[in-house]
Every structure is written in structure tokens, then in C-alpha cells.
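All ligand and atom numbering here is 1-based and tracks the order in the structure.
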Amino acid sequence: MKLWHSPASPFVRKVMVLAHETGQTGKLTTVEANTNAVNRNEELAKDNPCGKIPALVLDDGTVLFDSRVICAYLDSLHSGPKLTGSAIAAGFRAMVLEALGDATMDAAVLTRYEQALRPAEYRWDKWEAGQLAKVNTSLDDLEARWMDLLEGPLSVGSISVACALGYLDYRFPDSGWRESRPKLAGWYAAFAERPSMVATKP
Ligand code: 99T
């Protein structure tokens with residue numbers, strides 16, 4: 001299977017971490033996508049019309065996106081403990097945790113594009129502040145309400161949150177997100193040492 005890939009993308013990392021955790025990296029051939037919101041890869045766009053990564057091209061030509069669908073698909077292919085969907089004990093709560101991690105990544109990636117791609121004369125500080133507010137309130141919620149699930153069995157929810165935090169460290173190293181969130185910081189320090197996270201660090 002061909003995976004449109006970039007080491008910088010937290011969404012791609014989420015898929016790769018799940019592939020590592022379920023012993024399936026050997027099934028994936030990664031192809032560097034080199035795409036962003038203003039310079040998209042037209043070859044990638046033939047597979048995923050919105051030009052985003054990750055996108056997974058199956059051997060019969062079927063294309064799967066986005067990261068949630070790809071993670072659910074890869075999880076259906078192995079016989080070990082499941083990490084996604086209503087079959088796992090944490091069920092819909094784990095799915096919401098995944099949605100929260102994904103939403104944090106979305107807001108952080110949009111902030112990154114704003115800072116790195118948008119010409120200075122077109123920037124709108126209020127819009128960027130709105131995205132950063134999403135990141136901050138999501139992290140506060142993780143600290144306040146989600147530690148039980150994060151500290152429980154591995155799930156796609158914990159993988160998504162870890163990839164969101166890894167992305168903040170990668171693109172926003174001075175964000176100071178740990179300062180008011182000691183439980184989340186402690187959990188992430190341990191999670192980041194998993195071989196799947198070490199192998200996919202950008
Ligand atoms: O916005 C674009 O056109 C290109 N952006 C992407 O492909 C980003 C790469 S992160 N991917 C997504 O936004 C995927 C979101 C989707 N809902 C999913 O797969 O879950 C690149 C970050 C960086 O380079 O800093």
C-alpha cells in the first residue's frame with residue numbers, strides 16, 4: 001500500500017504510530033508528498049481531491065483518507081488488540097479523544113500555515129489568536145477530564161493526542177504548553193518514549 005507521507009505531518013505520524021504499534025509498517029510504502037495549503041502536489045490531488053495527507057492508496061487502487069479512516073482500516077487488518085472504534089472498551093469516548101487530538105492538530109497546523117505561508121501584510125492577528133485559543137482550551141480539557149483514558153490502554157485517542165503534543169513541540173517549541181498542565185506533560189514524557197513515537201519523530 002502506498003502512503004502519501006511527510007514526517008512533519010502529525011496526521012501522518014498518527015497513522016505511522018498506529019502502524020508501528022500493530023506491526024504493520026512493512027505493508028506501507030511511503031511517498032513524500034511535499035504539499036501545503038497553497039502549493040499542493042497535483043499527483044497527490046489525483047488520489048485525494050483536497051490535496052491533503054495522509055492518503056492511503058490500496059493495491060487495488062482504492063484511496064482512503066483521512067487519518068481517521070486510514071487508522072480504522074489498518075486496525076481492521078491485524079489480529080492483535082484493537083485500537084479504534086466501538087469494538088474497544090473505551091468505545092465512543094476514545095473516538096471523542098481522537099477527535100479532540102485531531103482538532104488540536106488542525107488548529108495548530110492552521111496556525112503554522114498562517115505564520116509560515118501567509119505574507120505578513122495579509123495576516124490577521126485575531127484569526128491566529130482564535131486558532132491558538134482552540135489549542136489551549138483543548139489542552140486544558142485534556143488535563144482536566146481525559147487523563148483516565150490517556151493513562152489507560154493504548155487507543156487511537158491517546159495516539160492522536162500524543163501526535164498533537166509532538167507537533168506543538170516540533171513547530172512551536174516555545175509554546176510552554178507544559179507549564180499549566182503537569183499531568184498531561186508527565187503522561188506525554190512517558191508516551192514519547194514508546195518505540196513507535198521515537199521511530200516517527202519529525
Ligand atoms: O491544507 C493542505 O492543503 C495540506 N495540508 C495537509 O495535508 C495537512 C498536513 S499537516 N494534513 C491535514 O490537514 C490532514 C487533516 C485530515 N483531517 C486528517 O488526515 O485527519 C502538515 C503540517 C506541517 O507541515 O507543519
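Side-chain atoms of Asp75 and Thr84 include a donor-acceptor pair closer than 3.5 Å. A donor atom on one side chain and an acceptor atom on the other are found under 3.5 Å apart for Gln115 and Glu128.
Put simply, the residue from Arg13, Arg178, Lys201 that forms a salt bridge (charged side-chain N to carboxylate O under 4.0 Å, His left out) with Asp169 is Arg178.
Residue contact check: Tyr167 has heavy atoms under 4.0 Å from atoms 22 (C), 23 (C), 25 (O) of ligand 1.
Nearest protein heavy-atom contact of atom 10 (S) of ligand 1 is Ser9 OG, 3.5 Å. Here the heavy atom of the protein found nearest to atom 17 (N) of ligand 1 is Asp66 OD2, 2.9 Å. Among protein heavy atoms, atom 19 (O) of ligand 1 sits closest to Ser67 N, 2.9 Å.
For Arg118 and Tyr122, the positive end is not near the middle of the six-membered ring at less than 6.0 Å and at most 45° from its axis. A cation-pi arrangement is absent between Arg181 and Trp187 under the rule of less than 6.0 angstrom and at most 45 degrees off the ring axis.
Contact annotation for Val12 and ligand 1: no heavy atom of the residue comes within less than 4.0 Å of the ligand. Contacts of Arg40 with ligand 1, taken as heavy-atom pairs under 4.0 Å, are absent altogether.
Between Ile53 and ligand 1, at least one pair of N/O atoms sits closer than 3.5 Å.
Assignment of Arg112 to the shell around ligand 1 is supported, since a heavy atom sits closer than 4.0 Å.
For the residues Tyr170, Phe11, Tyr113, Phe65, the heavy atom positioned nearest atom 21 (C) of ligand 1 is part of Tyr113.
In this structure, Glu151 does not pair ionically with Lys183, as no charged nitrogen and carboxylate oxygen lie closer than 4.0 Å.
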